[in-house]
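Here the structure is laid out as structure tokens; the discussion comes afterwards.
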Amino acid sequence: MAVVVVESPAKAKTINKYLGSDYTVLASYGHVRDLPPKDGSVDTDADFDMKWEVAAESRKHVKAIADALKTDDTLILATDPDREGEAISWHLQEALASSLKKGKTVRRVTFNAITKAAVQEAMARPRDIDAPLVEAYLARRALDYLVGFNLSPVLWRKLPGAKSAGRVQSVCLRLIVEREMEVEAFRAREYWSVKSQLQTPRGAEFEARLTVLGGRKLDRYDIATAEAAELAVQAVTSRDLSVRSVEAKPAARNPSAPFMTSTLQQEASRKFGMGAKACMSSAQRLYEAGHITYMRTDGIDMAPEAVMAARDEIKRRFGEDYVPSSPRMYKNKAKNAQEAHECIRPTDMSASPETLRLEADQRKLYDLIWKRTLASQMAAARLERTTVDIGSADEQVVLRATGQVVMFDGFLAIYEEGRDDDAEDDGRLPQIMQGEAAKKLGVTPEQHFTQPPPRYTEATLVKRMEELGIGRPSTYASVLTTIQDREYVRKDKNRLFPEDKGRLVTAFLTNYFKRYVEYDFTADLEAELDDVSAGERTYKDVLARFWRDFSAAIAETADLRIGEVLTTIDEFLAPHLYPPRGDGSDPRVCPVCEQGRLHLKTSRGGGAFIGCGNYPECRYTRPISGGEDEGAAERVLGEDDAGIPVWLKTGRFGPYVQRGDATAEQPKPPRASLPKGWSPADMDLEKALRLLDLPRSIGPHPEDGVMVEAGIGRFGPYVKHGTKYANLPEVDEVFEIGMNRAVEVLASKQVRGRAAPAEPLRQLGDHPDGGALSVMAGRYGPYVKWEKVNATLPKELQPETVTLDEAIALVNEKASKGGKKKAASKKAATKPAAKKAPAKKPAAKKAAKPKAAD
């Protein structure tokens, strides 16, 4: 039997159905090797030699493949048909080198869809591993390592609080930060429009917009004020109007091309608010189940047999009128033919969403792919667009009404592409005849303001990155996930906002590594990597050219002082850090001492904030994005019984109250943060003193005499008894809770903390050695339970269908691996069982070696 290796168990299960018992299909569970995260993994002094290691979690998978090859002579690598898939196959071949000697054969197969026909055809046409494609992967991986491993430490040293920087992620972050800076710098401009509700002689109403005033065509900003708008209204109101012209033109709308990776992510974001990561995860499961073709592609062409199947399905569902006379052809925009795969489409055009058993997200995505694919081969929609001009006899005033009528819906019968803006098509107009009078029912001025450029959504950001040539379709989801995981960017209502941390990183890179976050530089580097995969460049030449200049840029930052870096970033981000004040005063002057100037500062623990330059005389601070109103809230609330002043201040982590000032004897006076929901504006001395007196002693516990306390911690209000904590639902309860209530809360927490006995999903029967066998639902998936033995259910076995014999085999295997005898614990231990016990020692030593090596 040949050994076939794919990435995932789900994919292995599907392929195994098509290949049958003559093949052993195993999963590598993704990449099996990577560069160790330490210095020297890419040796720039040794011609960019790369040191790989098998990941700890991958060793068992590599061993399983090696064990299968002991009895089989052929290894078939069937990983995904892209650069990453080729790399995984290459890594497997390298990791299994010791098992591939003595006449073993290694072949590579790829298929764009996991269907029986596609798999069997691929198996009949094996090839060798594509060396240029692997070299393109090696170059990309080495570049990412060199940038991340060398640039991130510079960030840590020169910009405390920054996490790391990446080659593509940093450029993507720059796009988001620059768009936010455009939004902040935007100043709205007022303008007006005038509309009139008109009526035909037949009583039908329609709306028209003023386009000519005083005999001159109006531009967008020509009516700039309310006064000008009122004059325009009077000009229309004082004149009789009639229809000057009616022009109807036929038009056509063609369908969009079928999906590739980037357009699928964009449309899923527009229509479902689905992030790129969630979109690709659902698409991956659809692909592995055999429902769609490969989902990481920059191709939009479709296989001829798929085109004909789509046309047949369109004819069956909608009729011949919806099938164009010839198939539609879409030009592939891929820069590199080696990675120009087929579009993303259903493997079976007749399989509509309602015929498949899918999870909710998968169903929505499949519905989108199925409709878009059929629509791409349907007839164009035929429209009639009408423009009507209504004017006065003296031609001083002209209004225009527009509308369109769908004469034949064509592809619109099944699908219409989403939009990034809110524009709507003109509605249908009533019958309007040239020369007839138009009665005015009302003339209305409307005020407008220009809008700032919209913040990016994941859809529009992917579209922009694609336009600029930054990254590749397979990287977009991971790039967007990374910048959010690092807390450089947050997503709010599907819009991407840069966090202060992200702004600082972008400011640093723009000032000290400008070339490496320029859009054209990143796009040119991607083009070079495409040349490598096409065999037109050597990857080490690309690395050498990059490293020569990049290492020099790194060296130039060695002597940079943190103060110098902060000054540069302070100036770069000044419009954001110091927005104009309402009273027109200098936003850089400290609002407390009114003498010192505000500066960007960092703390020992990392993280940046705004502070007064008159420190330590003035201790004013505020968060980077905190407004001056927050800073102005710093004030004395009063004095306690000992005459010590109590302050309300704002620090890097928000507003807090403080008792007294810092002195040599007391460098850190008592402080307490304001709880969530408490406004600085509502703070008074009484509230401050209650906060400063926390934690509060309630009294000794009636059972053991240990003091019970109430306080506010990292996770909100709580009561504490020894080492046991229990959350309180309301902040105010901290100040009022008594012993009876505290004991009750602690007791209920203790009861809730105990896990209720799990109920079995199915009872299978009894084990031959005694004891019931059950299928249970576990945290990491379903498992079979027998006495104290728990055996995880393999992916290919479902809880609903697993048999008693299969369950017995699983628990027996698990019991033997664990060094346990098969018999249940009910039976007394015998001497033969005792003899088996020493066998555990060598196993323990063997297992300890890898741990020590790690």
Side-chain angles (χ1 to χ4, degrees), residues 14-15 17-18 80-82 109-125 252-264 267 283 286-334 337-356 358 362-363 365-382 408-417 473:
T14 307
I15 291 174
K17 290 190 304 184
Y18 301 141
D80 288 342
D82 61 1
V109 301
T110 59
F111 29 79
N112 193 45
I114 305 179
T115 61
K116 186 172 184 178
V119 170
Q120 290 178 343
E121 182 183 352
M123 299 299 284
R125 300 171 60 183
R253 277 184 62 187
N254 289 314
S256 301
F259 284 128
M260 57 180 174
T261 304
S262 58
T263 52
L264 176 63
E267 193 73 338
L286 289 171
Y287 167 68
E288 290 176 345
H291 298 313
I292 64 171
T293 54
Y294 191 55
M295 66 286 161
R296 290 187 179 90
T297 173
D298 47 14
I300 54 174
D301 54 333
M302 199 186 304
E305 60 272 18
V307 171
M308 299 312 296
R311 289 169 62 86
D312 290 343
E313 186 64 17
I314 293 164
K315 182 178 179 181
R316 186 180 74 81
R317 287 180 176 271
F318 299 98
E320 290 188 7
D321 290 344
Y322 288 81
V323 183
S325 57
S326 60
R328 292 187 178 276
M329 306 300 292
Y330 295 95
K331 184 179 179 182
N332 197 316
K333 299 179 181 179
Q338 287 193 355
E339 292 193 292
H341 304 301
E342 196 182 351
C343 65
I344 305 171
R345 63 167 177 82
T347 54
D348 180 1
M349 297 297 176
S350 64
S352 58
E354 58 270 14
T355 64
L356 303 177
L358 299 171
Q362 293 178 47
R363 179 177 296 280
L365 200 66
Y366 181 81
D367 182 69
L368 202 62
I369 294 167
W370 181 73
K371 288 179 177 178
R372 173 87 163 225
T373 304
L374 289 185
S376 71
Q377 288 299 323
M378 291 177 72
R382 295 195 300 274
F408 172 69
D409 55 2
F411 74 93
L412 295 175
I414 190 172
Y415 177 84
E416 185 167 8
E417 187 175 19

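Keep in mind the model is a prediction, meaning the values are calculated, not measured.
Distance check: Leu365 CG to Leu358 CG gives 10.0 Å after rounding to the nearest 0.5 Å. Note that the CD1 atom of Ile300 and the CD1 atom of Ile344 stand 11.5 Å from one another [nearest 0.5 Å]. A distance of 12.5 Å separates OG in Ser325 from CD in Glu320, rounded to the nearest 0.5 Å. With values rounded to the nearest 0.5 angstrom, Met295 atom CE is found 9.5 Å from Leu286 atom CG. Distance check: Asp80 CG to Arg296 CZ gives 7.0 Å after rounding to the nearest 0.5 Å. Note that CH2 of Trp370 and NE2 of His291 are 14.5 Å apart. Values are rounded to the nearest 0.5 Å.
Closest non-hydrogen pair, Tyr287 versus Ala113, comes out as CE1-CA, 4.2 Å. The two atoms that bring Ala380 and Arg328 nearest to each other are N-NH2, 3.3 Å, heavy atoms only. Looking at every heavy atom in both residues, Ala379 comes nearest to Pro324 through N-CD, 3.7 Å. Taking every heavy atom of both residues into account, Cys343 and Phe259 meet most closely at CB-O, 3.4 Å. For the residue pair Met260 and Thr297, the shortest heavy atom distance occurs at CB-O, 3.4 Å. Closest heavy-atom contact between Asp409 and Ala381: O-CB, 3.3 Å.
Residues Gln120 and Phe111 fail the side-chain proximity criterion, which asks for heavy atoms closer than 4.5 Å. Contact of the Met378 side chain with the Ile414 side chain is registered, since non-hydrogen atoms from C-beta on lie closer than 4.5 Å.
Remark: Glu416 engages Arg253 in a salt bridge, criterion side-chain N to carboxylate O under 4.0 Å.
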Start with the C-alpha gap between Tyr415 and Glu267, add the side-chain angles, then the distance that decides, and say whether side chain to side chain contact (heavy atoms under 4.5 Å, CB included) holds. CA-CA 12 Å; Tyr415 177 84; Glu267 193 73 338; 2.5 Å; yes
Verify side chain to side chain contact (heavy atoms under 4.5 Å, CB included) between Thr115 and Asp348, making sure each step is shown before the conclusion. CA-CA 9 Å; Thr115 61; Asp348 180 1; over 6 Å; no
Which is it for Met123 and Val119 under the side chain to side chain contact (heavy atoms under 4.5 Å, CB included) test, yes or no, and what are the steps along the way? CA-CA 6 Å; Met123 299 299 284; Val119 170; 4.2 Å; yes
Given side chain to side chain contact (heavy atoms under 4.5 Å, CB included), test Tyr294 with Thr110 step by step and report yes or no. CA-CA 11 Å; Tyr294 191 55; Thr110 59; over 6 Å; no
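With a 6.0 Å radius and a threshold of 12 heavy atoms from other residues, nucleotides or ligands, Glu305 has its CD atom above the threshold.
A donor-acceptor pair under 3.5 Å is formed between the side chain of Glu342 and the backbone N or O of Ala303. In this structure, Arg372 contributes its side chain and Ala257 its backbone to a donor-acceptor pair below 3.5 Å. In this structure, the side chain of Thr14 engages the main chain of Glu288 through a donor-acceptor pair within 3.5 Å. In this structure, Arg382 contributes its side chain and Gly410 its backbone to no donor-acceptor pair below 3.5 Å.
Residues Glu417 and Ser256 have side chains that bring a donor and an acceptor to within less than 3.5 angstrom of each other.
Using bins of under 30°, 30° to 60° and over 60° for the plane-to-plane angle, the ring pair Tyr322/Phe408 lands in the tilted bin.
Take Thr373 and apply the side chain to side chain contact (heavy atoms under 4.5 Å, CB included) test, not counting sequence neighbours, and it matches Met302, Arg345, Pro346, Met349, Ile369. Scored by the side chain to side chain contact (heavy atoms under 4.5 Å, CB included) test, Asp367 finds Pro353, Lys371 as partners (sequence neighbours excluded).
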